[in-house]
2 protein chains.
Amino acid sequence: MDDGRRRPVTIADIAAATGVATSTVSRALSRPGRVSAATRERIQAAARELDYVPHPTARALASGRTGTVALVVSDVTNPFYFGMIRGTQQQLKAAGYAHLLIDTEDSGEHEIEMLHTMRRSLDGAILGASRLPARSLVALADEIPLVTVNRNVRGVPSVVIDTPAGIAQAVEHLVSLGHRDIVYVSGPQQSWSNQARWQAMKAALERHKLGAQRVGPFPSGRGSGTAAADAVLNSGATACVAFNDLFAIGMLTRLRERGVRVPADLSVVGCDDIFGADFSNPPLTTLTAPIEQAGRVAVSLLVSRLEHQPLRRAVVLPTYLTVRDSTGPRR
Amino acid sequence: MDDGRRRPVTIADIAAATGVATSTVSRALSRPGRVSAATRERIQAAARELDYVPHPTARALASGRTGTVALVVSDVTNPFYFGMIRGTQQQLKAAGYAHLLIDTEDSGEHEIEMLHTMRRSLDGAILGASRLPARSLVALADEIPLVTVNRNVRGVPSVVIDTPAGIAQAVEHLVSLGHRDIVYVSGPQQSWSNQARWQAMKAALERHKLGAQRVGPFPSGRGSGTAAADAVLNSGATACVAFNDLFAIGMLTRLRERGVRVPADLSVVGCDDIFGADFSNPPLTTLTAPIEQAGRVAVSLLVSRLEHQPLRRAVVLPTYLTVRDSTGPRR
DNA sequence: ATGAAAGCGCTAACAG
DNA sequence: CTGTTAGCGCTTTCAT
């Protein structure tokens, strides 16, 4: 039938075929409500007949809406983002948007530069973990609709996962197991989350009249687990809370190598409950973060903002402690 | 300085500022070679001065090139794709393309439908694990430049990971450990990879004059591990090769529950070496697949095809056996 | 090497 | 409700 090499059919073809103006075709296809039932039928029939497929680019140029939203992450490599990619993907698809994936390689420069460059081809962006200073963020938000995740900046809608509350639970848990020397394994200093977690940890320990100490900071990545494990051991602590699960899992490996038993000799708590935390050895006690949900909510916020009133809010998602086998009584 | 609400600067502004035609500005910016050094300088200076940012949509509409490539996966949820997302992301960024992520939810219908709809807004697509029958694939390839991964269809450039060769190694490994009853844990039947692996397994076992049996098929996902483990146990085999690591890891969990020791009572081999395979309990012996590399190569193939001659080839990437602790001598 | 002019395919006032 | 008329911002012949 088709030879596939024919000039693609446009609304002009449909207009010709049905004897109406192109604008009417456009309406019938994009805003069926604004056209009489009769002509609408005819036009849609013709469109089907001719196997018409709208040209997204043309539509975007004329309307200013691209139907595309970007998810911006600092490092696709980080399993933490997998959940976010999932969540945003699902919700964006449901809302009829295309999903662009941007990796900033942990650089604020890249982040601002890429978004600046692509701003005309996006309807909005979700910043998975912005490395940008507050003022840059606000400036960016003025160029393109933004929603941040785990990053609270005045004026920019955001969804934050309340890990600090979870940290308090974790400390409670460890204290109730008899631990008194609990150390925080610090992640990258530029990380907003890292700061928040450390603050929460200090506060929680103080409430128990315990001193707060930390080791690190260590760079992102499982590899940091080695140095981190050694540092914790060296600190003399009997329990630790790691910046994230990647660290914690890396530590588990290292501790095993060194013949340190978990949790008998050292209890370790992770953060985020990423893929793998439940089948590591031992399974990791961790703060389960609703990452996927965060992604979905972020999309909802953005989409409702794009399609309705500019209701800019902040959403806080709870975290809870999932106790598995990497924590136990102080021996 | 800026109030951010000014009309965005266009090439017309640059043309006005430098006293040349818009076409010259266009050339100076997109094909610097086609313009005299002097005017090129002036134009580029003006562009910088005015903080000009090209409008990707307008460019796309006029030129037909969108600078966007889609990665199509059947389920973002599957950790197998994480590596592919990484690899394609890296290489696409390097080549200056934007990275669109499409999830087909395991449905061939969705796959063809979404690509058909978006074809005008893409320069090409990489099919991570197409569910499409060969003829549909060929038809699609006629609409939009395609590269497949782990799917070999005549006329469509592809990169396939040679897991079958790896399977042979795995069988060798198990046989050398004394196993004679080795069962294959089958994945979804529509999966091309699953078929290929089973065939390879049969062939390898035959070479050793051993019978080939399989359990399943089971649906994708870690959850299948439970049923799979039970089925394998029931088969009386002392070793098994699972369709993929997700299955294998799920099995590990189930076997532990049932008090079956791995590898003492049962050896298990996975496929792909996804994130987590090295820190599961016990760490998984598996076929390490260069998934990330596959993603990169797929992008290279596609990009070179988009920018040069249509050299359509198939690339085969090797797999190797990574022996960890989930396999051991037959007891 | 540069300019003029014609679109790319669609949407969006503005009339009627 | 529908047609007319302008563009959206850029690339691309075709002249010069």
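Hydrogens, waters and symmetry mates play no part in the numbers below; they use all other heavy atoms, side chains included. Chain identifiers are assigned alphabetically (A, B, ...) following the order of the sequence lines, protein sequences preceding nucleic acid strands; residue numbering begins at 1 within each chain.
- Separating the NE2 atom in B:His99 from the CD atom in B:Gln91 is a distance of 11.0 Å, to the nearest 0.5 Å.
- The span of DNA chain C lying next to chain B, judged by atoms under 4.0 Å from heavy atoms, is bounded 5' to 3' by C:dA1 to C:dG9.
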What protein N or O atoms touch nucleotides 6-9 of chain D N or O atoms at under 3.5 angstrom, if any, and at what distances?
from	atom 1	to	atom 2	distance (Å)
D:dC8	O2	A:Leu61	O	3.4
D:dC8	O2	A:Ala62	N	3.3
D:dG9	N2	B:Ala58	O	3.4

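- Among the atoms of the strands shown, only primed sugar atoms or phosphate atoms (P, OP1, OP2) are found under 4.0 Å from some heavy atom of B:Gly19.
- Within a 6.0 Å radius of NE2 in B:His110, no more than 12 heavy atoms belonging to other residues, nucleotides or ligands are found.
- Within 4.0 Å of B:Ser36, counting heavy atoms only, lie sugar-phosphate atoms of the nucleic acid but no base atom.
- Residue-level contact check: B:Val20 touches the backbone only, with heavy atoms under 4.0 Å from sugar-phosphate atoms and none from bases.
- Residue-level contact check: A:Arg40 touches neither bases nor backbone, having no heavy atom under 4.0 Å from any strand.
- Take B:Glu41 and apply the salt bridge (Lys or Arg N to Asp or Glu O under 4.0 Å) test, not counting sequence neighbours, and it matches no residue.
- A donor-acceptor contact under 3.5 angstrom links the side-chain atoms of A:Ser23 to the base of D:dT4.
- Spacing between atom CZ of B:Arg34 and atom C1' of D:dC10 amounts to 16 Å, rounded to whole angstrom units.
- Taking 4.0 angstrom as the limit, B:Arg31 places a side-chain polar atom (N or O) nearer than this to OP1 or OP2 of D:dT12.
- Annotation: side chain of B:Leu127 is in contact with side chain of B:Leu137 (closest heavy-atom distance under 4.5 Å).
- Note on B:Asp13 versus B:Arg7: salt bridge recorded, some NZ/NE/NH1/NH2 to OD/OE distance being below 4.0 Å.
- Proximity of B:Pro79 to A:Phe275: side-chain heavy atoms (C-beta onward) are separated by under 4.5 Å at one or more points.
- Inter-residue side-chain proximity for A:Asn78 and A:Val73 is flagged as unmet; no heavy-atom pair is nearer than 4.5 Å.
- A salt bridge is defined here as a Lys NZ or Arg NE, NH1 or NH2 lying under 4.0 Å from an Asp or Glu carboxylate O, and A:Arg131 with A:Glu109 fails to meet this definition.
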